[in-house]
Amino acid sequence: MVAGELVQELHSGAPDDITVMKKIPEPKGDTERCAEPPYAAAAEEASEGAQEKDVPPVEEREAMLPNGGRGGEEEEKHGARLETKLYLRRFAVLAVFSLYSLSNAFQWIQYSIITNVFMHYYGVTSDKVDLLSIVYMVTYVPLIFPATWLLDRKGLRLTALLGAGLNCAGAWMKCASVSQDRFGVTVSAQVVCSVAQVFILGLPSRVASVWFGPKEVSTACAVAVLGNQLGTAIGFLLPPVLVPNTPDDPELTGHNISIMFYGTAAFSTTLFFLTVLVIRDRPPLPPSHAQAVLPDSPGEDYSYKQSMVNLMKNKAFVLLLVSYGIMTGSYYSVSTLLNQMIMACYKNQELNAGRIGLTLVVAGMVGSVLCGLWLDYTKTYKMTTLIVYFLSFLGMIVFTFTLNLDNILLVFFTAGALGFFMTGYLPLGFEFGVEITYPESEGTSSGLLNAFAQLFGIVFTLIQGQLTHRSPLIGNLFLCAWISLGILLTAFIKSDLKRHSVNMGAENNRLQALPTNCPEDCSPGEKTNRDKLETSVSFSRETSL
C-alpha cells in the first residue's frame, strides 16, 4: 500500500474551539479512566501566550497510533496530536466501488430499454417486463434497515463484498435464463441483483468519509454516485446494440441475449475479485480529524435503534429526508416515464426517446461531479442545495411547457438541463446529510435518504403515469408542485456543519480530546452511540464564500 501525503491549508476565520470527549462508560472503580479516541488520544493544547509543547519522541508518538499503546499519565496530562494521512489506495477503493455500482445499474435498466425484445422472446406482456425494473425500488425499502445495521456493525468491507457478490451471482443466474420458457429464472436473477443494490446505494458517503480528506470528500462522494449513473447511461446504449429486435428468429435473439448476459457476468465476476483484494473497512490512519475522533468500531453499548432515534429527532435531517425524497423521486419518475411522454408528443420517435434519456443521464453525471467539486471548494452546503433545487424546479417548468412545441431538438436541450440539476442534487443530499448528522453513521443517513427516494419514486411514478395517460402536461405539473414544496422545506433546514467544524478546529490546533475521570453524575440522557461532541462556544455555521 503506497501512502500519499495529506495536504491541509489553514483557513482564516476558524470556528470556535471544539472540545471532543469520548462517551463515558460506567465506572468500575474510583481511579478508572474513560477510553481514549481510537486514532489518537488528543490534539495538543493551544492558547495565546502559552509556550509551545515539546514534540514527543518517536517511541511515544508510535504508541499513540491505532495499533500502538493506549497512552499513559503523560498523554493524559498533555494530550497527543491527532495524526491523519491520505493513502493512494483510496483511489483504488473508489474505482472498484464505482465500477461494481455501474454493473448493478446496468443490470437494472438492461430489460426496460429493449422491452419489446423481451416481450417477444419470453412471450409476456409489457407490465411483466416493467416489473423487472420496479423490483429494484420495491426491494430496497424493507431491506435498507438490515443493510445499514450491517454496515454499522460489520463495516465497509463485508457490506461491499455482499453487494459485489450478489451482483455477480445475479448476473450468472441470468445466463441460465436464456430460454423462452425461463422467464421465472430471469425474474429471480433480477431480484438477486436488486438485493445487491441495497448494499451499494448507501455506500458513497461512507467510502468518501472513511478514505478521503476534508478537501476532497464531496468530490469523492460525487464520483461514487457517478458510477451508478454511468451504468444507467451504458444501459441505454449497449442493449439495443447487442440485442437488436429479431422477432422472426428467436434462436438469434437468444444468442444475442446470451452475449449480453455472459459479458455482464464476466465483468461482474472480475469486479467481485477486485473488491476482495482492494476494499478495506478503513485505512490504518484516518484521512481527517473528523474521522480521527470517531471510534474505529461500534462499542459494546452501541445501539442501531438509538442511532435511528437520534436521526429522527434531528429536525434538519427530517426536513432533508422529505426534500431529498421529493427531488430524487421526481427524477426517477421522469426517467421511467420519459419514453411515454416523448411518444405522446412525437410519433415514431422511439430512437430519439432513448437518446433523450441518455442526454438526461449524461448531463446529470456532469452535474454531479461539478456539484461535488463546488462543495469541496466552498463548503456552502445549504446555499448550494437550495440553488440547485430551485434551478431543478425551473428546469422542470421549462421542460413541461416546451415538450409539445413540435421541436425535438429543444427537448434534447431542456431534458439535458433538467438532468444536470436533478442528478447534480444527489451527492449534495448525501453530503449535506452527513454534515448535519455527524457523528452518526454515514451509511445510516445515506440509507434513509435512499429509502425515502425509493418511496417517493414509486408513488410519483404510479400517480404521474396515470396523469400522463391523460396529458403529459398534467403529469409534469404534478411534479412541479411537489418540487416547489421541496424548495420550501430545504429553506427551513438549519445548516449546522458539524463534521466541517471538527476538521476546521483541528486544522487550527484547537481540537482537543480530554481524558477525564468518569464522572458519577453522567445522566442517561447524555449517552450517545458515538463520540460526544461539545464546543466551548458553538459549532460554526455554514462557511460563506
Worksheet item: What do the steps show when you test Phe97 against Ile200 for side chain to side chain contact (heavy atoms under 4.5 Å, CB included), and what is the final call?
Response: CA-CA 8 Å; Phe97 170 77; Ile200 295 174; 4.1 Å; yes
Pairwise side-chain contact, [X] with [Y], heavy-atom cut-off 4.5 Å (strictly under):
{"X": "Leu161", "Y": "Val276", "result": "yes"}
{"X": "Val318", "Y": "Lys315", "result": "no"}
{"X": "Leu102", "Y": "Asn228", "result": "no"}
{"X": "Val225", "Y": "Met365", "result": "no"}
{"X": "Arg282", "Y": "Leu156", "result": "no"}
{"X": "Tyr100", "Y": "Asn104", "result": "no"}

Contacts of type side chain to side chain contact (heavy atoms under 4.5 Å, CB included), residue [X], not counting sequence neighbours:
{"X": "Trp108", "result": "Ser133, Tyr136, Thr232"}
{"X": "Phe456", "result": "Val322, Ile326, Phe452, Phe460, Trp482"}
{"X": "Ile458", "result": "Met137, Val138, Leu462"}
{"X": "Val278", "result": "Ala92, Val93, Val96"}

Practice prompt. In sequence, state the C-alpha distance, the side-chain angles, and the governing distance for Met312 and Leu448, and then conclude on side chain to side chain contact (heavy atoms under 4.5 Å, CB included).
Written response: CA-CA 10 Å; Met312 290 298 101; Leu448 285 174; 3.9 Å; yes
Indicate yes or no for a side-chain donor-acceptor contact from [X] to the backbone of [Y] under 3.5 Å, with no hydrogens or angles considered.
{"X": "Thr148", "Y": "Phe145", "value": "yes"}
{"X": "Thr159", "Y": "Gly155", "value": "yes"}
{"X": "Ser98", "Y": "Leu94", "value": "yes"}
{"X": "Ser484", "Y": "Ala481", "value": "yes"}
{"X": "Gln190", "Y": "Leu132", "value": "yes"}

Drop me the distance from [X]'s [atom1] to [Y]'s [atom2], to the nearest 0.5 angstrom.
{"X": "Lys382", "Y": "Ile387", "atom1": "NZ", "atom2": "CD1", "answer": "12.0 Å"}
{"X": "Asn450", "Y": "Tyr324", "atom1": "CG", "atom2": "OH", "answer": "5.0 Å"}
{"X": "Leu158", "Y": "Leu150", "atom1": "CG", "atom2": "CG", "answer": "5.0 Å"}
{"X": "Arg157", "Y": "Asp281", "atom1": "CZ", "atom2": "CG", "answer": "8.0 Å"}
{"X": "Lys215", "Y": "Ser288", "atom1": "NZ", "atom2": "OG", "answer": "12.0 Å"}
{"X": "Ile144", "Y": "Leu449", "atom1": "CD1", "atom2": "CG", "answer": "10.0 Å"}

What residues, two or more places apart in sequence or in another chain, satisfy side chain to side chain donor-acceptor pair (under 3.5 Å) together with [X]?
{"X": "Ser323", "answer": "none"}
{"X": "Thr219", "answer": "Asp376"}
{"X": "Thr490", "answer": "none"}
{"X": "Gln107", "answer": "Asn167, Lys174"}

In chain order, what residues pass the ring pair (Phe, Tyr, Trp, His ring centres under 6.0 Å) check against [X], with sequence neighbours excluded?
{"X": "Tyr389", "answer": "Tyr425"}
{"X": "Phe399", "answer": "none"}
{"X": "Phe421", "answer": "none"}

Which atom pair, heavy atoms only, marks the closest approach of [X] to [Y]?
{"X": "Gln197", "Y": "Tyr140", "answer": "NE2-CD1, 3.9 Å"}
{"X": "Pro283", "Y": "Val210", "answer": "CD-O, 3.3 Å"}
{"X": "Leu386", "Y": "Ile487", "answer": "CD1-O, 3.7 Å"}
{"X": "Tyr87", "Y": "Pro284", "answer": "OH-CB, 3.6 Å"}
{"X": "Ser392", "Y": "Met327", "answer": "CB-CE, 3.4 Å"}
{"X": "Val217", "Y": "Pro214", "answer": "CG1-O, 3.8 Å"}

Practice prompt. Can you establish whether the number of heavy atoms outside Phe478 located under 6.0 Å from its atom CZ is more than 12?
Written response: yes
